[in-house]
Amino acid sequence: MTEHGLTEGCLKAILNGTKLDAPVVVQLLDHRVINNNNNTGQAAQTKRFRLSLNDGRNSFTYAMIGNQLNDAMERGDFPNYSVITISKHVCNSQGQPGQQKKVLIILDMTLKTPGDQVGGKLGDPQPLNDLGNNPAGNAAPPSHPAPQAANTGFGAGGVRPQGGQNVSGFGNNNGGGGFGGGGNNQGNGNKSGGFGSGGFSGGFGGGNNNQSGGFGNNHNNNGPRPQTNGSGNKNANNQNFGGGPPSKRPNLGGNNGSAAPNPFRPNNSGNFAPNSGQNNGGMRQQTPSFPNGNAANNTNGSSFGGGGFGGSSGFGGGAPNADDMDGFGPGETPKNIFPLGALTPYTNKWTVCVQVKSKEPIRTWTNATGGGEVFSMWLADASEEMKCSAFKNEVTKWFDILQPGKWYYIRGGQLKPPRDARFSKGKSLEMTMSGETLIKECTEYMEPPKITFKFVPINELQDQIPNNVIDVIGICSVVEPHTSFTSKLGKQFTKREIELRDTSQLSVRLTLWGAQAESFDEANTNAVLAIKGVKVSDFGGRTLSAVPGCDLVVNPDIPEAHSLRGWFDSAGAGTAAQSISSGGGGSGSTPWANLLEVTERVHGTNLDVKGYYFEMKGTIMKVENTDRVDRILYRGCPNKIDGDKTCNKKIIDIGVGQWRCERCGVDHTTFNWRLMLSLEIADFGGCIKFVGVFQEQGEALLNRKAHELGEMSQNDMSAYQAALTALHFQSFIFKLRARMENFNDENRLKYNVIEVKPLDHVRYQGIMKDGLRALLTE
Ligand SMILES: [Zn+2]
């Protein structure tokens with residue numbers, strides 16, 4: 001124990017695979033922010049903190065904290081030189097094979113002594129390299145002479161952590177060996193079941209440097225062996241582990257003696273009889289405390305380390321084998337669970353225990369290579385949340401089994417950066433089930449995912465940049481019925497609009513989507529809603545759109561909710577709130593948008609009433625039906641109605657040069673040509689079809705009057721067509737309205753040109769510059 005109670009040597013022990021049950025105390029030397037790009041090229045980034053730690057004996061610079069600790073770190077709760085207590089952690093290897101390095105992820109930590117009371121670096125720690133070793137030779141000499149088995153760095157009298165426990169199960173597992181002599185035992189890369197008969201024995205007496213590098217790459221540099229070994233050390237210098245095919249469930253690697261190992265009931269007495277052959281490995285939870293005295297005789301050494309893999313809960317092994325089922329059989333419980341936050345794309349074999357937070361209904365998809373069914377859900381544990389999708393067979397297999405709110409062990413599947421950053425909540429990883437995925441319900445009590453909110457009050461929403469994802473809390477003042485519609489691409493959408501208000505006396509409209517929209521209870525009217533993950537939109541004043549899979553909590557037990565409840569019940573309910581969401585349309589200036597933004601915005605909005613107005617620079621790709629006069633022009637009734645308004649209803653040819661208006665009941669010999677173009681308009685963000693352009697706007701586009709075009713259509717068809725096709729590939733500034741219209745009982749998004757202007761290059765350049773600036777400041 002040092003002055004500040006640092007757990008000396010714990011960093012090396014952890015990095016070498018030892019699972020520590022008791023919290024450890026270390027010093028935070030330094031921290032920095034790294035931006036973890038999610039590789040999709042999109043904006044979503046996950047901010048992560050990287051810490052440099054000191055345990056008094058060693059220092060290590062590649063510790064990360066779970067995202068849930070980011071806020072505390074940003075607040076400065078953990079200044080440099082602070083002494084901290086780590087109560088939850090996981091250690092794994094990251095990187096491509098061959099370039100792996102150890103990463104220690106801290107899932108929970110508390111401040112023990114603030115940095116300013118410590119003042120500086122404690123002790124003279126030796127740096128540990130990427131693999132958790134002291135780079136120079138065989139390392140820092142043990143602080144206690146052999147036979148104290150000091151290679152994990154724990155001195156005499158110290159409490160040994162669990163030995164041989166394979167914490168991570170990553171491909172690069174550390175045996176955590178070294179219970180033998182004072183050497184520096186490494187069980188790197190041990191794989192499950194890959195031990196030859198007789199197991200192996202590493203980490204013998206003093207001075208050993210036993211590195212077992214996994215399959216095919218083993219080094220045993222055994223030093224002098226102490227003669228205290230009993231039968232257990234018959235396999236003195238075995239080079240034979242690692243090479244063989246994974247054996248079926250084990251002979252744990254740790255089995256070093258004659259006694260038959262029992263992987264399921266490791267004999268963890270903590271007093272390791274010398275060479276008893278007791279196997280202490282296995283991935284089973286072990287909680288031996290190692291009375292140091294006996295460690296001296298325990299020359300089984302890294303048989304512990306190796307043993308860590310023996311249990312092979314399907315981890316670490318090569319090809320799938322029966323071991324992959326380990327823990328998934330009836331009555332079994334999978335062990336060695338990874339926190340979601342510890343998974344990386346390079347994690348080979350993993351099991352997580354997660355709650356299904358939300359599950360979307362099954363959808364069908366088609367693309368060039370086929371199609372099928374898909375569903376996605378959000379999973380969470382105490383460390384992180386993650387989107388998970390299942391396709392085709394996996395839909396059939398798992399959809400009905402997985403129920404929101406329940407907990408499951410999930411093993412196996414693909415871990416990749418998100419396919420579409422818009423739906424990834426800024427996460428850098430998502431899970432896709434595969435044919436090897438195993439799922440089993442977890443009925444034990446599990447700590448629920450912690451949701452931490454950072455609420456933006458409604459009166460501050462105006463200051464948010466559009467597309468920011470924020471948290472919001474409010475009294476749910478309006479709940480509209482949910483509606484379904486089909487997008488132009490044939491996708492089914494369900495949405496529901498609600499309204500939130502808070503003590504600022506303002507209210508805001510919020511759109512829920514999919515299953516959340518369907519299942520939202522209208523009885524939540526006047527309840528407090530806290531939502532983590534809503535996107536701010538500048539469409540129609542300020543509106544909010546729930547991000548798929550967001551956390552929506554009704555009447556949460558948090559101070560902000562109680563305070564709102566109190567305000568509403570005592571005063572708020574009797575007052576009116578002013579909406580900051582105008583519902584879109586007429587008022588104010590029309591927002592500029594490209595078609596990609598429009599698609600996003602109109603999906604988040606109630607377009608049934610007024611529609612969404614926007615301005616864009618568009619290029620006319622096509623004028624529809626240039627060969628059909630009747631699709632572009634019609635004869636309109638010239639009657640004046642309601643004073644100076646013209647009827648303009650389409651009149652019917654009754655022959656003999658006369659036309660009848662059915663609205664007015666009058667036959668005419670004259671008429672007005674009416675124009676209704678249908679365009680395909682594109683910009684870099686997309687393409688919209690069947691955009692309606694009527695009379696005056698059509699005349700402005702064509703730069704000729706409708707009656708001129710009408711006459712051309714009667715006298716010179718080729719001139720008529722040439723006038724229309726002259727519009728192809730010309731660009732204009734369009735003011736458009738997007739509105740949901742009902743055709744044959746089907747809601748369709750319909751665009752109409754409200755105004756068309758020639759392309760003003762100076763103005764357009766200004767708009768592009770503003771856009772660039774906004775991008776740069778985001
Ligand atoms: Zn008429």
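Each ligand, and each atom within it, is numbered from 1 in the order the structure gives. Keep in mind that this is a model prediction, so the values were computed, not measured. The figures here come from the full heavy-atom set of this structure, side chains too, leaving out hydrogens, waters and symmetry mates.
Sorted by first then second residue, the salt bridge (charged side-chain N to carboxylate O under 4.0 Å, His left out) pairs that include residues 697-706, not counting sequence neighbours, are Glu699-Lys705. Sorted by first then second residue, the ring-ring contact (aromatic ring centres under 6.0 Å, His included) pairs that include residues 693-720, not counting sequence neighbours, number zero.
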Evaluate His761 against Lys617 for side chain to side chain contact (heavy atoms under 4.5 Å, CB included), listing each step before the verdict. CA-CA 10 Å; His761 290 281; Lys617 178 214 164 199; over 6 Å; no
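Heavy-atom contacts from other residues, nucleotides or ligands closer than 6.0 Å to CE of Met768 number 12 or fewer.
Taking distances strictly below 2.8 Å, the protein N/O/S atoms close to the Zn ion (ligand 1) are Cys637 SG, Cys647 SG, Cys661 SG, Cys664 SG.
Stacking of Lys622 on the aromatic ring of Phe729 is not recorded, the 6.0 Å distance cut-off and the 45° axial limit not both being met.
Not counting sequence neighbours, Trp398 has no partner by the ring pair (Phe, Tyr, Trp, His ring centres under 6.0 Å) test.
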